[in-house]
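Working notes, structure below.
Please read all numbers here as calculations on a predicted model, not as lab measurements. Lettering follows sequence order; numbering is per chain, from 1. Only heavy atoms go into these numbers, but all of them, side chains included; no hydrogens, no water, no symmetry mates.
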Amino acid sequence: MIRLYDTLTGDVRPLAQRDEGKVSLYACGPTVYDHPHLGHARQAMTYDVMRRYFEWRGLAVHHVANVTDIDDKIIARAQAENTTESAVATEWKQVYDDVMDALDILRPHDRPHATEYVEEMVEFIQTLIDNGSAYANDSGVYLRVHTVDGYGDLVHRSLDDLREGAGARVEVDDTKEDPLDFALWKAAKPGEPTWPSPWGDGRPGWHIECVAMSLGILGDGFDLHGGGNDLVFPHHTNERAEAIAAGRDFAQHWAHNAMLNISGEKMSKSLGNFTTIQTLLDEHPDNARALRLALLQTHYRKVMELNPDVMAQSREGLKRLDAMVRKASGADVPLDGAERDATAIAAFTAAMDDDLGTPEGVATMFETIRRANAALDAGDDAAAMLVATAIDLAGAMGLSVEPDGLGSGGDGGDPEIDALVSARTEARASKDFAEADRIRDELTARGIVVEDTPNGPVWHRG
RNA sequence: GCGCCGGUGCCCGAGCGGCCCAAGGGAACGGCCUGCAAAGCCGUACAGUCGCGGGUUCAAAUCCCGCCCGGCGCUCCA
C-alpha cells in the first residue's frame with residue numbers, strides 16, 4: 001500500500017484511490033514568463049518520480065499540470081517587451097518544455113492552459129456568487145473567506161492568525177469586506193487582456209484556474225494535489241476554499257515538495273548563473289541525470305542543498321550505474337527476460353511506498369549494483385538477475401542508463417576510436433607497453449576511457 | 001514578530017524510542033585484480049555521538065521544554 005504525507009492532516013497516510021488501480025494527480029505547473037529555475041526542476045521532478053513510481057507499481061496515473069498563461073508577471077513582461085501576453089506565454093512555454101524534456105521529465109497527460117478555461121471559471125464564480133460565498137464590486141469579485149469552513153486547515157492556522165498577518169501588511173484594500181477575501185475575478189484595467197463576464201470585462205484571479213481545471217479534467221474528489229510548499233498559502237488554501245464554497249469535493253490528499261538551497265543559501269539573485277536549469281544543463285552533458293540523482297538522494301519534503309560539488313558527486317555516482325551495465329555487456333550476460341531479485345525489489349518497494357522514500361530507494365539500487373558487480377566478477381549466474389534488477393529500479397525513478405560506447409574492441413560505434421583501441425590491444429599483445437600507454441594517453445586526451453575486461457577492452461566517453 | 005519545516009562524519013544525505021558504536025553516494029587510505037592503469041570487489045579511518053542546554057524513559061539521533069542557526073509562508077493591489 002502506498003502511503004504519502006498529507007499536508008492537510010499532517011501525517012503520512014495511505015493514498016486512497018477514488019477508482020481502484022488508478023491515481024488522479026494534479027500538480028501545479030508553471031507560470032510561463034521567464035527561464036525556469038532549479039526550483040521548478042525540483043517541483044517537476046518530484047511529481048515525475050511520483051508518477052513513474054506509481055506506474056511502476058502498476059497503477060494507471062492520470063497526471064495533469066496546468067500552464068498559467070495569463071497573470072501579472074506575464075502582463076508585465078509583455079508590456080516591457082512591447083508584445084502580447086500570448087506571445088510571451090507561447091515563447092516561454094516552449095522554453096519550459098524544452099528544458100523539461102532535457103531533464104527527461106514525462107509530459108503530464110493533460111496540460112490545460114488558463115486562457116482555455118475562462119468560461120468554466122466564470123461559471124464557477126457565478127455559482128459562488130449565487131450561493132452567497134462571493135460578492136462583486138467595482139474592482140472585481142471576491143470570495144467571502146469567513147464563510148468557508150476550515151479555511152486555514154491546510155496551513156494549520158486559524159482565521160484570526162491569518163487575519164493578523166493580512167492586517168500587519170500595509171495598504172489593505174478597503175473595497176473588500178475582509179482583508180482575507182481574495183480576488184476570483186479582476187476588473188479590466190487599461191492595457192490588459194480581458195474576457196467578458198457578468199460582472200464586466202476582466203480576467204480571472206490566480207487560484208480559480210486550478211480549481212476549474214482540476215475539477216474539470218479529473219472530476220470531483222480526485223486523489224492527489226501537489227505543488228511546491230510555497231504554494232500551501234495562499235494558492236492551495238484558496239483553491240481549496242473555492243471548491244469548498246462551491247460545495248464541490250476537492251483533492252483527497254495534498255503533497256508538497258520542499259524548496260532548494262543553493263550553496264547554503266536560498267536560491268536568488270546573488271547566485272546568478274546557477275539558478276536556471278538551462279545554465280546547469282550547459283555546464284556538463286550529464287547534468288540532467290546528475291540532477292535527478294541528486295534530487296532523488298534527498299527526500300522530497302526536505303530542504304535540499306545543491307551546489308557544484310553536489311552535482312559533481314552525483315555524476316560520479318552515475319558512473320557506477322553505467323559501468324555496471326558496461327561490465328555486464330562485456331560479460332555477455334543475458335538481461336532479456338531475466339528475473340528480478342526479490343530482496344532488492346522488496347526493500348525498494350517498502351522504501352518508496354513509505355512517503356516516496358527515494359533516498360533509501362537509491363541506496364537499494366546502489367547495493368544491488370554492488371552485488372551485481374560482485375556476481376559479475378565471480379561469474380555467478382545471479383549476475384543477470386541483479387543487473388536487470390538494478391536497471392529496473394533506476395528506471396522506476398526515471399534514471400536512465402547510458403553506458404555510452406557500449407561494445408568491445410572493434411565495434412564501439414566510432415571507427416576512429418575503435419582503430420586506436422585495436423592498435424593498443426595489438427601493442428599490448430606484443431608487449432609494447434610504451435606504445436600501448438601512448439595510445440591510451442591519446443584516447444584520454446580525447447575524453448575516452450578504456451577499460452580492460454577479461455573479454456577485451458571496452459571504451460566509453462568519460 | 002507569528003506559523004510551519006530543518007540542523008547527523010571531510011561533503012551530500014538516510015534513519016525518527018531498543019535491530020544505530022548511525023544506510024547509501026562522493027572524496028580519502030590499504031589489499032586483491034592489472035604489464036601499469038581504469039573499472040570492480042574486499043577492507044579501514046573518519047559521527048566516542050547525531051546544533052547547544054535541560055528534562056522524560058529501563059532505553060533517545062529519535063519524545064518534551066528553552067536557546068542558537070538556516071529555510072519557506074504571512075492575501076489581493078502596487
Side-chain angles (χ1 to χ4, degrees), chain A residues 7 10 39 72 76 139-140 142-143 145 152 155-158 160-176 178-184 186 189 205-207 228-235 237-238 241 256 258-261 264-267 293-294 296-299 301-307 309-324 326-327 330 347 351 357-367 369-378 428 431-434 436-437 440-441 444 449-454 457-460 462:
Chain A
T7 309
D72 299 336
S139 59
Y142 296 89
L143 189 82
V145 165
V155 255
H156 300 287
R157 301 202 71 185
S158 71
D160 284 344
D161 279 350
L162 290 165
R163 199 169 273 130
E164 202 176 302
R169 299 251 139 189
V170 264
E171 292 178 62
V172 172
D173 179 348
D174 55 16
T175 66
K176 297 192 294 186
D178 183 323
L180 245 32
D181 293 350
F182 60 89
L184 297 167
K186 299 175 183 180
K189 292 217 189 68
W206 176 26
H207 323 297
N229 74 183
D230 55 337
L231 296 181
V232 174
F233 189 88
H235 191 231
T237 291
N238 286 169
H256 294 279
M259 303 288 99
L260 219 48
N261 276 181
E265 299 177 342
K266 64 174 176 177
M267 185 167 52
L293 211 215
L296 288 168
Q297 286 186 297
T298 302
H299 187 82
R301 285 196 290 117
K302 215 163 172 189
V303 173
M304 171 191 175
E305 167 67 19
L306 198 61
N307 58 49
D309 226 40
V310 169
M311 290 302 298
Q313 290 174 6
S314 290
R315 270 183 248 120
E316 290 308 310
L318 244 17
K319 288 183 183 171
R320 285 176 62 75
L321 215 207
D322 296 342
M324 172 198 72
R326 237 180 279 122
K327 191 193 253 286
T358 57
E360 290 168 278
V362 169
T364 300
M365 176 191 80
F366 278 117
E367 273 165 19
I369 289 172
R370 180 179 48 72
R371 291 171 61 207
N373 279 323
L376 248 12
D377 284 347
R428 289 182 70 217
K431 304 263 191 260
D432 185 356
F433 297 125
D437 290 347
R440 186 167 63 200
D441 288 344
T444 301
V449 177
V450 186
E451 291 168 7
D452 291 326
T453 77
V458 177
W459 63 266
H460 69 279

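No engagement by A/V232 is indicated, since no non-hydrogen atom pair under 4.0 Å with the nucleic acid exists. When heavy atoms are screened at a 4.0 angstrom cut-off, A/V145 is found touching no nucleic acid atom at all.
Residues that satisfy the side-chain contact (heavy atoms from CB on, under 4.5 Å) test with A/A183, not counting sequence neighbours, are A/Y142, A/K186. Every residue was checked against the salt bridge (charged side-chain N to carboxylate O under 4.0 Å, His left out) condition with A/K189, not counting sequence neighbours, and none meets it. Here A/H235 pairs with A/W206, A/H207 under the ring pair (Phe, Tyr, Trp, His ring centres under 6.0 Å) rule; sequence neighbours left out. With sequence neighbours excluded, the residues satisfying side-chain contact (heavy atoms from CB on, under 4.5 Å) with A/T298 are A/R42, A/K302, A/M304. Judged as a salt bridge (charged side-chain N to carboxylate O under 4.0 Å, His left out), and not counting sequence neighbours, the contacts of A/D437 are A/R440. With sequence neighbours excluded, the residues that form a side-chain hydrogen bond (donor to acceptor under 3.5 Å, both in side chains) with A/D72 are A/R203. In this structure, the salt bridge (charged side-chain N to carboxylate O under 4.0 Å, His left out) partners of A/R301, at least two apart in sequence or on a different chain, are A/D355. The salt bridge (charged side-chain N to carboxylate O under 4.0 Å, His left out) search around A/E367 returns none, not counting sequence neighbours.
Note on A/N373: a side-chain N or O is less than 4.0 Å away from OP1 or OP2 of B/C41. For the OP1/OP2 pair of B/C76 and a distance below 4.0 Å, the side-chain nitrogens and oxygens of A/K186 include no atom meeting the criterion. Between A/K189 and B/C77 there is no side-chain polar atom (N or O) within less than 4.0 angstrom of OP1 or OP2.
Helical stems in RNA chain B, defined as runs of 3 or more consecutive Watson-Crick or G-U wobble pairs with both donor-acceptor distances under 3.5 Å, are listed by first residue as B:1-7 with B:68-74, B:10-12 with B:24-26, B:28-32 with B:40-44, B:51-55 with B:63-67.
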Side-chain donor-acceptor pairs under 3.5 Å in residues 357-365 of chain A, sequence neighbours left out?
| unit_1 | atom_1 | unit_2 | atom_2 | d |
| --- | --- | --- | --- | --- |
| A/T358 | OG1 | A/L296 | O | 2.7 |
| A/T364 | OG1 | A/E360 | O | 3.0 |

Could I get a table of every N or O pair under 3.5 Å where one atom is in the protein and the other is in nucleotides 24-32 of chain B?
| unit_1 | atom_1 | unit_2 | atom_2 | d |
| --- | --- | --- | --- | --- |
| B/G25 | N2 | A/Q313 | OE1 | 2.8 |

Which atoms of nucleotides 3-10 of chain B (N or O only) lie under 3.5 Å from a protein N or O atom, and what are those distances?
| unit_1 | atom_1 | unit_2 | atom_2 | d |
| --- | --- | --- | --- | --- |
| B/G7 | OP1 | A/K302 | NZ | 3.4 |

